[in-house]
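In what follows, every chain begins at residue 1, and chains take the letters A, B, ... in the order their sequences are listed. Just so you know, these numbers come straight off a predicted model, no measurement behind them.
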Amino acid sequence: MFNQLGGGTNNPNKDVEVTSPPDDTVSSLEFSPPSVPQTFLVAGSWDCRVRCWEVEASGKTVPKAAQGMDGPILDVAWHDDGTKVFMASTDKSVKCWDLAANQCMQVAAHDAPVKACHWVKAPNYNCLMTASWDKTLKFWDTRSAVPVMTMNLSERCYCADVDYPMAVVGTADRGICLYTLEGKPAEFKRVESPLKYQHRCIAIFRDKKTMQPTGFALGSVEGRVAIQYVNPANPKDNFTFKCHRAGGSTTGSFQDIYAVNDIAFHPVHGTLATVGSDGSFSFWDKDARTKLKSSETLDQPLTKCAFNHSGQVFAYAVGYDWSKGHEHYNPAKKNYIFLRPCFDDLKPRTT
Amino acid sequence: MGRKKKKASKPWCWYCNREFDDEKILIQHQKAKHFKCHICHKKLYTGPGLSIHCMQVHKEAIDKVPNSLPNRSNIEIEIYGMEGIPPEDIKEHEKQKTGGGKASDSEDDEPAAKKKATPALLGAGPSTVTQGILPTPMAPVPPGMYPGHAMPMNHMMPPFMQAPRMMMPGMRPLFPAASVPTSTPSKPTFPAYSNATISAPPTTSTASASEPKENGDVRPPAANTCPLVTATGAGSKIVHPPEDVSLEEIRARHAKYRPKPKPDAPPAIPTSVSAMISASTSQAEVAAHMNAAVAAARQQAAMRRPVMQQMVGMLPQLQQLQQLPQLQQLQQLPQLPQPVRVGVGVPVSMPPVMLPVMPQFNIMRPIQPGVLLPGGGVMPMGMFPGGMHGLLQPRYR
């Protein structure tokens, strides 16, 4: 195990540190899908590389391989068969990394950096969905250089998520667009944003009973998350809550409001985790509308988080997210990825 | 009191069965005895409110209402004064009253003595709550403040205002940040929108208050035009660069992350090169020049190769090239004399692999072919071998 003794300011939560972390901030973090028996973690970083570790049951992490692209990585996605990883970069392309052969191949291209890439596995087709700052959303059959479908977005894509048969994209103008992927991808509806500030991250959640995607959680730069149902039974089902704020014993006084950098839903419990620029992560139960846990604060922002497919492990990445501009960037500061067992922490509150 | 006028609805406390003369007193009693937090002594308004307060603020779960009868200790039932009492319990109480006789009356005499002249509970609410955002509790927030963006809010406002208390029955309140000790269990959207809308547009003193509330428009700052930072006057600040552009976009503009034109071969130039370049131009200018140069370079890559050896010798002469706009000029360079004052250490004689150690550069000046770095910082020229684009790689602050 790689726990630092006593935690320290680098690891106040006393979580397991992943070995050989990237040299620059992690921009994307994903665990392998259930189709492979071992657990792999891939992380894309601003150092232009994507790294892959095997995570053993004991918590030990073994670096396995790495691949580079011509620009910082903005997103990574696993193919559903667990053998390939897609990497999207500021070099305006998306590559497919075949892990077994350790080879890369370009599978998509845009006119501007590609902010998001997701693999879509439908009963009747598979494709790669990519969204870019060039204001387009494209779907690719990875064998062809021409997208099978291109859709225009109202603005640059800032965040996106896919959970078949639903896809959602958050854009720069605080726009939200929902897509249905059944049969073939099609725009479903545009939703007015429940938040008043720039969209930063989005994650789809499922209905507890039907296990079908039924809504999404949207995070903004103003320390707030909105829970939004696509078809709420009651308009009051949609709500927002504040998070990742510091200071101020009374609301609003000398409070520092931090961006919510990532949101992830627990695959089993349906509860969610948020990580913020303030350097902490929190677990929430959206149905009980309560906070389950707040972590200790680290000295750097948390940029990304992920659950493994069984919901046993929670991973979070620590590194500077540029929230205070380039002046506060210190390339000498080490970047981290931490893992922690989380199944019990994320159990819903039984109210 | 001679008049034992037993009002059919003499207020009584559901939790402990005590009777009171007045509902106001009953409510005070409930707040003090049943809805008071045992940790911080904060008085809440309802049982569920107390439960949530303890959970959020003290992280402690409460399962029964303090000082209550065993069969009336359910914390989830929302009782406020006489409201919320389940009908069966009302009947039961009436029966007990008629059955138990008036004997029970004489036992309740406490609240009469402590009569705090509390204003309407509604008024009291917000002040204890110290929300600090809504000056008038549920007062009619000017509808103009919530134009298109808070339509859902508008529906909620009216019912909210009718309720005499902060929480609607059955509504699980929002959970504010843990650090906020106030238990403001208001409706979910309420603090959210009130905070956001009131603080959202930088209206207070910033000159760029382009969306003043008077317009009835609370759109947050438009992209690229207004700062994001709130100016509530209360001192809350969003930790984000002022531009309303994503952090990734801002970061990607940084020299370190900009695309590097592919070098033809691995770089080999030592860092001494950087000494030659004088610093001073702004990054933007450099970047702009570099981009232009890259474009030119790419076009001319093939042409330049044969020229490279001679170009290296030209370095000191570049002074004269200041006016030479394009690469084409470089091809005249071969005529210039040779003193290679480069100090670059570039193995000039190595034809193919001239690729400079781009990364070592501190290019502060545009490296256009022909444009000279003042002070003779010319090593860039030495890089030409592989092609101009080689020069433009490193962008460092």
Inset, instruction - Mind ranking A/Lys115, A/Lys324, A/Arg200, A/His199 by heavy-atom pairs under 4.5 Å with chain B and telling me who comes out on top? - result: A/Arg200
Legend entry - A/Tyr329 side, atom OH; B/His254 side, atom NE2 - distance, nearest 0.5 Å: 8.0 Å
Inset, instruction - Run through A/Asp24, A/Thr90, A/Asp47 and flag the one making a side chain to side chain donor-acceptor pair (under 3.5 Å) with B/Tyr257. - result: A/Asp24
Legend entry - Distance-only side-chain donor-acceptor flag, B/Arg251 / A/Thr25, under 3.5 Å: yes
Legend entry - No-hydrogen, no-angle side-chain donor-acceptor test under 3.5 Å, A/Tyr158 and B/Glu248: no
Legend entry - Set of salt bridge (Lys or Arg N to Asp or Glu O under 4.0 Å) partners for A/Lys95, sequence neighbours left out: none
Legend entry - Heavy-atom pair of closest approach, residues B/Pro241 and A/Ser323: CD-O, 3.3 Å
Inset, instruction - Find the distance between CD1 (B/Ile238) and OG (A/Ser220) and round it off to the nearest 0.5 Å. - result: 7.5 Å
Legend entry - Gap separating the NZ atom of B/Lys237 from the OH atom of A/Tyr258, nearest 0.5 angstrom: 8.0 Å
Inset, instruction - Check whether A/Asp91 gets within reach of chain B through its side chain, its backbone, both or neither, counting any heavy atom under 4.5 Å. - result: neither
Legend entry - Exceeds 12 heavy-atom contacts within 6.0 angstrom, atom NZ of A/Lys208: yes
Inset, instruction - Drop me the distance from B/Arg253's CZ to A/His326's NE2, to the nearest 0.5 angstrom. - result: 12.0 Å
Legend entry - Minimum heavy-atom distance A/Trp133-B/Ala252, with the two atoms named: CZ3-CB, 4.2 Å
Inset, instruction - State the CD-CG distance between A/Gln198 and B/Leu247, to the nearest 0.5 angstrom. - result: 6.5 Å
